[in-house]
Every structure is written in C-alpha cells, then in structure tokens.
Number of protein chains: 2
Amino acid sequence: MMSPDTMDAVFQALASTTRRAMLDIVRNEPGCSVGAVAGRFDVSRIAVMRHLSVLEEAGLIISDKRGRTRHLYMNAVPIQMIHDRWTSEYSALWSGRMLDIKYLAEQRRAQEGDGAETDDIAHKKGEPG
Amino acid sequence: MMSPDTMDAVFQALASTTRRAMLDIVRNEPGCSVGAVAGRFDVSRIAVMRHLSVLEEAGLIISDKRGRTRHLYMNAVPIQMIHDRWTSEYSALWSGRMLDIKYLAEQRRAQEGDGAETDDIAHKKGEPG
DNA sequence: ACCTCATGTAATGAGTTCATTACATATTAG
DNA sequence: CTAATATGTAATGAACTCATTACATGAGGT
C-alpha cells in the first residue's frame with residue numbers, strides 16, 4: 001500500500017507541466033538518456049536532471065546506468081495505485097453521479113494497512129486572541 | 001478543455017495529505033463551514049483557510065458565503081477532467097499492459113483545443129562550459 | 001596517456017509555500 | 001449599542017522549489 005507521503009510525492013511530481021512532458025518523452029522513448037531529454041527543453045541540463053530526480057524519487061521513473069549513460073524508463077505503478085485508490089474513493093464522482101458515497105478516508109485505510117498516522121480529528125490548539 | 005496551468009494547480013493542491021483530508025471532509029459534509037474544518041486540524045485557523053484557498057483556486061472546492069458563514073462544497077469537475085485525460089493518455093497503463101502506446105502528448109492536445117503553448121521541443125540553449 | 005562525452009555535485013540566488021501572531025471586518029444575538 | 005462569533009487581511013520568518021554557473025567524476029575512443 002502507498003503511504004500518504006509517497007502519494008504527496010507523486011502528486012507533487014505531476015504538478016508541473018514540464019515534468020509531465022518529460023514523463024511523456026520517457027514513456028514514448030523507453031531507455032532514452034538524460035541528455036536526450038535535456039536536448040528537448042529550453043532549460044539547463046542540470047535543471048532537467050533535477051526534474052528527472054523528482055520523478056524518480058516519486059517512483060514514476062526508473063533508471064539504469066550502463067557505462068557512462070543513464071537509461072530512463074517510466075514506471076506505471078504509482079499512477080496505477082493512485083488510480084485504483086481514487087476510483088474506489090471517488091467512484092461516484094468518476095461516473096459523474098454524486099450520490100451518497102460511502103466515506104472511506106485515505107487516513108482510515110492508511111491506518112488499517114500502512115501503520116501511518118492520521119491528520120484528521122487532531123487535537124485542536126485554539127487561537128491566541 | 002483544461003489548461004496545463006490549471007492542471008498544475010489541481011495536482012499541486014492534491015499534493016498534500018492535509019489538503020486531501022480537507023477535501024474528504026468537505027465532500028462528506030457538504031456545506032460545512034471553514035471553522036468546522038479548522039476544528040479538525042492541529043494547525044491554526046489561518047493555515048486551514050489558506051489550504052482551503054488553494055483547493056478553491058484549483059477549482060476543487062466551491063464556496064458560498066451566507067451571512068457571516070462560508071459554506072464549502074466539493075467540485076468534482078477538475079478530478080473528472082484529469083481522470084478523463086489521463087485514462088485516454090495512459091489507457092494502456094491503467095489496464096496494466098504497457099504495449100506500444102500511441103503518443104498523444106498533453107501539449108499536442110492543448111495546441112489543438114486550447115491554444116496553449118507547448119514546452120516540448122523547445123529551442124535549446126546549451127551549457128556555457 | 002589524452003581528449004571528449006555523459007552524467008553528477010556544489011554553491012548560489014530569486015521566488016514560492018507554509019506556518020505563525022496580531023489585527024480588521026462584518027454579522028448575529030442580547 | 002454591545003458583545004460574541006465567523007471569517008478575512010497584514011506582516012513575518014523558516015523551509016522548500018527551481019533555476020543558474022562552475023567544477024568533478026568516470027567511461028570510451030584515438
């Protein structure tokens with residue numbers, strides 16, 4: 001099961017048009033090099049490398065270095081996990097209905113399967129004024 | 001059609017466990033107040049308000065102020081749009097296959113239907129060294 | 001060995017996010 | 001009117017993102 005932090009990382013990685021474009025390239029040219037990707041963008045090679053790192057840390061890209069060249073591959077697993085989780089959680093929304101939906105909070109499922117802490121129903125603090 | 005920037009905003013808004021938890025609450029308690037949401041989290045009311053603003057700017061929440069109370073509602077449209085776009089774009093991935101997929105870059109479709117600029121195949125700059 | 005190529009690391013700086021406290025506005029109840 | 005309630009704004013600061021240039025490493029070709 002995917003931890004909330006991992007989910008944060010995946011959404012964060014996808015929250016950039018540039019990074020989504022990079023993911024498209026890697027998906028369409030499996031095994032392509034860092035330089036090949038960098039050659040398509042109007043930013044420095046280092047900036048591209050950092051974007052690719054973000055994608056790789058989110059698990060959306062897997063890389064494999066042979067000789068002096070790093071080969072990049074897309075990994076569909078995190079996207080599938082998000083899709084699965086969200087289709088179950090927002091199933092009524094996907095189909096466009098919006099009826100009475102059973103509440104299955106991400107936190108509750110994380111509690112059952114993941115051992116992760118919940119943010120919901122936390123101890124309130126109160127304002128000073 | 002959804003612009004790349006809007007898509008960035010939606011993913012960015014979802015890239016936070018706290019904000020996803022807030023969206024869950026609003027979905028399950030349609031018309032709830034800002035204070036009702038704030039009462040469930042261990043951060044200041046102002047921090048909660050800003051999170052809700054992020055969600056609202058991404059179009060994931062719609063609000064409606066009656067008297068001194070702002071009522072919050074979830075808007076499923078951006079999630080549906082992302083789902084539709086991604087299931088067509090990554091359709092082979094959703095089903096778990098991963099065969100030869102026709103390349104339909106987000107940028108290309110944005111060009112056709114949206115008038116938005118593409119980042120892909122941009123003019124390269126080259127490093128100084 | 002020497003040079004080039006492909007990638008990676010370090011230091012830096014502008015801009016954004018995310019949290020805080022203090023104060024302001026506006027609506028309802030008495 | 002006065003007071004409590006609900007939300008909103010302003011100013012601030014720590015931490016992170018995103019881009020840069022300069023330099024370092026390590027593999028391959030001649």
Side-chain angles (χ1 to χ4, degrees), chain A residues 4-5 8-23 25-26 29 31-58 61-73 119 122-129, chain B residues 4-5 8-22 26 29 31-58 61-73 119 122-129:
Chain A
D5 281 354
D8 284 12
V10 174
F11 277 123
Q12 182 66 55
L14 294 174
S16 154
T17 305
T18 303
R19 277 195 293 264
R20 289 195 303 277
M22 289 178 180
L23 197 59
I25 289 170
V26 171
E29 302 168 25
C32 67
S33 68
V34 172
V37 175
R40 303 246 216 137
F41 291 89
D42 191 22
V43 289
S44 71
R45 180 183 57 85
I46 287 83
V48 172
M49 265 187 44
R50 292 187 108 107
H51 280 303
L52 291 172
S53 295
V54 171
L55 288 165
E56 186 158 8
E57 277 158 31
I61 279 183
I62 290 169
S63 74
D64 149 49
K65 189 162 185 175
R66 288 196 303 275
R68 61 184 169 183
T69 306
R70 179 171 295 280
H71 299 272
L72 305 167
Y73 304 91
D119 279 332
H123 0 315
K124 186 167 164 49
K125 265 179 80 182
E127 264 180 290
Chain B
D5 280 355
D8 284 13
V10 173
F11 277 123
Q12 181 65 55
L14 294 174
S16 155
T17 305
T18 304
R19 277 195 293 265
R20 289 195 304 278
M22 289 178 180
V26 171
E29 302 168 26
C32 67
S33 68
V34 172
V37 175
R40 302 245 218 136
F41 292 89
D42 191 21
V43 289
S44 70
R45 180 182 57 85
I46 287 81
V48 172
M49 265 187 42
R50 293 187 106 107
H51 279 304
L52 291 172
S53 296
V54 171
L55 289 166
E56 186 158 10
E57 277 158 31
I61 279 183
I62 290 169
S63 74
D64 148 50
K65 190 162 186 175
R66 288 196 304 274
R68 62 183 170 186
T69 306
R70 177 172 296 281
H71 299 273
L72 305 166
Y73 304 92
D119 278 334
H123 1 313
K124 187 172 161 47
K125 262 179 80 184
E127 263 179 291

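Note that the structure is a prediction, hence the values are computed from the model and not measured. Numbers restart at 1 for each chain; the letters A, B, ... are given by sequence-line order, proteins then strands.
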Gap between atoms CZ and C1', on A/Arg66 and D/dG26 respectively (whole Å): 17 Å
Touch class at under 4.0 angstrom, heavy-atom based, for A/Arg19 against every strand present: sugar-phosphate
Upstream residue (5' side of DNA chain D) when A/Gly67 and A/Ala15 are each assigned their closest nucleotide: A/Ala15
Separation of atom CD1 in A/Ile46 from atom P in D/dA22, rounded to whole Å: 11 Å
Point-to-point distance, once rounded to the nearest 0.5 Å, from OG of B/Ser33 to CZ of B/Arg68: 11.0 Å
Atom pair distance, as rounded to whole Å: CZ in A/Phe41 and P in D/dC18: 14 Å
Among C/dG8, D/dT7, D/dA19, the nucleotide that comes nearest once only the side chain of A/Met49 is considered: C/dG8
Donor-acceptor pair present, B/Arg68 side chain and D/dT7 base, under 3.5 Å: no
Value rounded to 0.5 Å, distance of CD1 in A/Ile25 from CE in A/Met22: 7.5 Å
Value in whole Å for how far the C1' atom of C/dG8 lies from CG of A/Leu72: 14 Å
Residue-phosphate contact under 4.0 Å: A/Ser33 side-chain N/O, C/dA6 OP1/OP2: no
Between P of C/dT16 and CG of B/Asp5, the distance in whole Å: 13 Å
Of the listed nucleotides C/dA6, D/dT20, C/dA19, the one nearest the side chain of A/Thr69: C/dA6
Rounded distance in Å - NZ (A/Lys65) to P (C/dC5): 17 Å
Test side chain to side chain contact (heavy atoms under 4.5 Å, CB included) applied to B/Phe11 and A/Arg20, step by step: CA-CA 11 Å; B/Phe11 277 123; A/Arg20 289 195 303 277; 3.8 Å; yes
B/His51 side chain near C/dT17 phosphate (N/O to OP1/OP2, under 4.0 Å): no
Under 3.5 Å donor-acceptor, B/Asp8 side chain and A/Thr17 backbone: yes
For atom CG of B/Leu55 and atom P of C/dC18, their distance in whole Å: 11 Å
B/Ala36 or B/Arg50, whichever maps to the more 5' nucleotide of DNA chain D: B/Ala36
Whole-Å distance separating the CD atom of A/Gln12 from the C1' atom of D/dA15: 13 Å
D/dG8 base / B/Arg45 side chain donor-acceptor hit below 3.5 Å: yes
Spacing of A/Ser63 atom OG and A/His71 atom NE2 [to the nearest 0.5 Å]: 10.0 Å
Under-4.0 Å side-chain N/O to phosphate OP1/OP2 contact, B/Arg70 with D/dG8: yes
A/Ser44 side chain near D/dT20 phosphate (N/O to OP1/OP2, under 4.0 Å): yes
